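Quick notes on the structure that follows.
These numbers come from a predicted model, not from an experiment. Count residues from 1 along the sequence.
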Amino acid sequence: MSESVPQHRQPRPSAASRRVRLTLAATTAATVTAVTLTALPAAAATRSVSLQGEAMAISSAHGGDYRDRRASGGAALAIWHKATASATLTTPVRATRLQVSAMGGRCGSAAPRMQVTVDGVRAGLATVSATRWTTYTFTGSWAAGRHRVGITFLNPYGTARCHRFVEIDRVVASGTAPATSTPPATSTPPASSAPAPVEKAAAAGFVTRSGSKLMLGGKPFKYVGLNAYGMSGCDGRAWSDAQLADYFARLAPNTITRTWAFQPFGTAALDRIVAAAAAHQQKVIFTLADGRNYCGEHDGAVVPEGGDKSTAWYAGGYRTNYLPWVTTVVTRYKDNPAVAMWEMINEPGSFSSAAYTDALVKGFFDTTAATIKSIDPNHLVGTGVLSEDMKGTSNYATLHASPNIDVASLHEYEYDWNGSNAIITGHLARVVAQLAPVGKPVIIGETGVQAGPGCRTSVAARTSAISQKLTGYTAYPAVAGVNVWSVVQYDPWSRERCPLEMPANDPVLSTVRGVQAGLNA
């Protein structure tokens, strides 16, 4: 391509109209069309399922759909920035081949390159040198069921005269169904020999729950991870694509990062977080509101930035702004396994006021969790509770009794409390005992150690203490995961002498990577 670049291949002021179309594509999930091919006689049948490129979800700042009469559906998707388009595709049989119909525009010395992933795992790379619709084929083995397909444009480039881009017409997954035959007639076995019922297989790539255990890929799953509250903008600016990619690349596969998904930040930053996580086989916990009202999330705040949300907010005020936001976000990502779980709110209740009762907070939890599950049966729902000694969250069994609530949480920073150097908080035993009647897991949603030059704890000593915490907590059967506080994209020692926060190259990240790699080996 040279001077003449079609409008849809560059970011333009008309991005708002593209955003409307892309939101529709994301909130209605992906349009999937099943096509059964002619059966092969006496052997097997090839089955395929296709996904139109224009139905894939992507941030409107990074790509958009456009009309193309040469494309299979009369439209296609263009990606002009380094970003991932994704959608869910359901295969009727085990798929062994993935075909992507694509073409691209060259600018500079290189042709566009794309990476294709299935459930966050790379299926292959391709150089898209074709300028007409061309099929690029990738082979593998993907079980029958739901899969999240991602296509990442890897090398965007542009000048005043040209822009490099990649375009997607459609994705087709195909496989061969085994031959069927009529089994010989047998007598009905006695009732006592009937097979035990088998639990329905979980959708591929999603974290699920079985009793007090998390599950992934049909196996028990534990994780260690980090908090990164500033990803979506709480630091004053959302993390860049390069910062997201660098952070996620430092972690082991299926590490879970907890981050804020508050209404003031909108969905554009969340789109980029989800795309980057999926591209690196990572997962995120999206926390949907803040009980402490930080980062501009002041809905229902009595006193912004550190105060409680009002009792009136928990009693029903959350329905005005919060619940529509929850509906928007959950609908947008309900089919994306890069989201590990929804956390309804960070640290609900009050540090001091007895007006915040368990019944008050429970009503909020039950309504919100039911709303989420009515939209999204794929993802887990967590509460974000701080501890059992918080006003309004004193009885974990009561708060987590709803079948729509899957995961409890506990936050602790006791290593520095009175210089105790505590590795395991004393609150854990009480929380686990309370949860036992409802049989649900708990995550240590926040834990951390203050460190730095001239501090009580050095950076090296912090790394050792965090390692002990990660292995100590995950040794408890009812503890499903741990998130360390918190990775930031600024120099934490420029703001506080002995911060809990850590830069993205802190040695704690290597410790998290090592522990995570060994947990589910």
Considering all heavy atoms, the nearest S232-F265 contact | OG-CD1, 3.2 Å
Any side-chain heavy-atom pair of T255 and V224 under 4.5 Å | no
In chain order, what residues pass the side-chain hydrogen bond (donor to acceptor under 3.5 Å, both in side chains) check against W485, with sequence neighbours excluded?
-> E501
Heavy-atom donor-acceptor pair, T259 side chain to A228 backbone, under 3.5 Å = yes
Consider only side-chain N and O atoms of R148 and S86, and report whether a donor and an acceptor are under 3.5 Å apart.
-> yes
Would you check if there is a donor-acceptor pair between the side chains of R97 and T139 at a distance under 3.5 Å?
-> no
Polar side-chain atom of N293 near backbone of G307 as donor-acceptor pair, under 3.5 Å | yes
Kindly indicate whether the side chain of I372, heavy atoms from C-beta on, has any atom under 4.5 Å from the side chain of M344.
-> yes
Looking at T457, T447, I466, L500, which hits side chain to side chain contact (heavy atoms under 4.5 Å, CB included) with Y415?
-> T457
For Y473, all residues meeting side-chain hydrogen bond (donor to acceptor under 3.5 Å, both in side chains), sequence neighbours excluded = E412
Take Q489 and R237, measure what side-chain contact (heavy atoms from CB on, under 4.5 Å) needs, and give me the verdict at the end.
-> CA-CA 10 Å; Q489 293 293 343; R237 176 181 298 178; over 6 Å; no
Mark yes or no for whether S240, through its side chain, and Q243, through its backbone, hold a donor-acceptor pair below 3.5 Å.
-> yes
When you measure from the side chain of D376 to the backbone N and O of V330, does any donor-acceptor pair fall under 3.5 Å?
-> no
What side-chain hydrogen bond (donor to acceptor under 3.5 Å, both in side chains) pairs are there with at least one residue in residues 280-289, not counting sequence neighbours?
-> T287-E343
Backbone N or O of T327 within a donor-acceptor pair of the T331 side chain at under 3.5 Å?
-> yes
Taking only residues at least two apart or on different chains, which pairs with a member in residues 264-277 satisfy salt bridge (Lys or Arg N to Asp or Glu O under 4.0 Å)?
-> D241-R272, D271-R332
Kindly say whether D406 contributes a backbone atom to a donor-acceptor pair with the side chain of K440 at under 3.5 angstrom?
-> no
Sorted by chain and number, sequence neighbours left out, side-chain hydrogen bond (donor to acceptor under 3.5 Å, both in side chains) with T425 holds for E414
Distance-only side-chain donor-acceptor flag, N227 / N483, under 3.5 Å | no
Would you say D491's side chain and W493's backbone share a donor-acceptor pair under 3.5 angstrom?
-> yes
With sequence neighbours left out, write down each residue that passes ring pair (Phe, Tyr, Trp, His ring centres under 6.0 Å) with H400, or none if nothing qualifies.
-> Y396
Test: E297 and K309 ion pair at under 4.0 Å | yes
Look at atom OH of Y136 and say whether more than 12 heavy atoms of other residues, nucleotides or ligands are closer to it than 6.0 Å.
-> yes
Check the angle between the aromatic planes of W342 and H379 and answer parallel, tilted or perpendicular using the 30° and 60° thresholds.
-> perpendicular
Is a donor on one side and an acceptor on the other found under 3.5 Å between the side chain of S409 and the backbone of V385?
-> yes
For the residue pair W260 and Y229, does the interplanar ring angle fall in the parallel (under 30°), tilted (30 to 60°) or perpendicular (over 60°) class?
-> tilted
L244 vs I273 side-chain heavy atoms within contact, under 4.5 Å | yes
F365: what forms a ring pair (Phe, Tyr, Trp, His ring centres under 6.0 Å) with it, not counting sequence neighbours?
-> none
side-chain hydrogen bond (donor to acceptor under 3.5 Å, both in side chains) partners of residues 502-521, not counting sequence neighbours, each pair once = R462-D506
Close side-chain approach of L98 to V172, heavy-atom, < 4.5 Å = no
Could you name each residue pair satisfying disulfide bond (SG atoms under 2.5 Å apart) that touches residues 440-507, not counting sequence neighbours?
-> C455-C498
Close side-chain approach of V407 to L214, heavy-atom, < 4.5 Å | yes
Kindly write out the residues that satisfy side-chain contact (heavy atoms from CB on, under 4.5 Å) with R94, not counting sequence neighbours, or none if the list is empty.
-> S141, A143
Quick one: side-chain hydrogen bond (donor to acceptor under 3.5 Å, both in side chains) partners of S387, sequence neighbours excluded?
-> D389
Please name the residue in the list K469, R292, R258 that meets the salt bridge (Lys or Arg N to Asp or Glu O under 4.0 Å) test with E446.
-> R258
Could you tell me whether the side chain of W325 and the main chain of A261 form a donor-acceptor pair under 3.5 Å?
-> yes
Applying ring pair (Phe, Tyr, Trp, His ring centres under 6.0 Å) to F153 and not counting sequence neighbours gives none
Are V128 and F165 side-chain neighbours, meaning at least one heavy-atom pair lies under 4.5 Å?
-> no
Just by distance, with hydrogens left out, do Y247 and T257 show a side-chain donor and acceptor under 3.5 Å apart?
-> yes
Mark yes or no for whether R164, through its side chain, and N155, through its backbone, hold a donor-acceptor pair below 3.5 Å.
-> yes
Step by step, would you call L216 with Y223 a side-chain contact (heavy atoms from CB on, under 4.5 Å)?
-> CA-CA 11 Å; L216 182 63; Y223 78 89; over 6 Å; no
L519 and F221, any side-chain heavy atoms less than 4.5 Å apart = no
Heavy-atom count around R456 CZ within 6.0 Å, excluding the residue itself: above 12?
-> yes
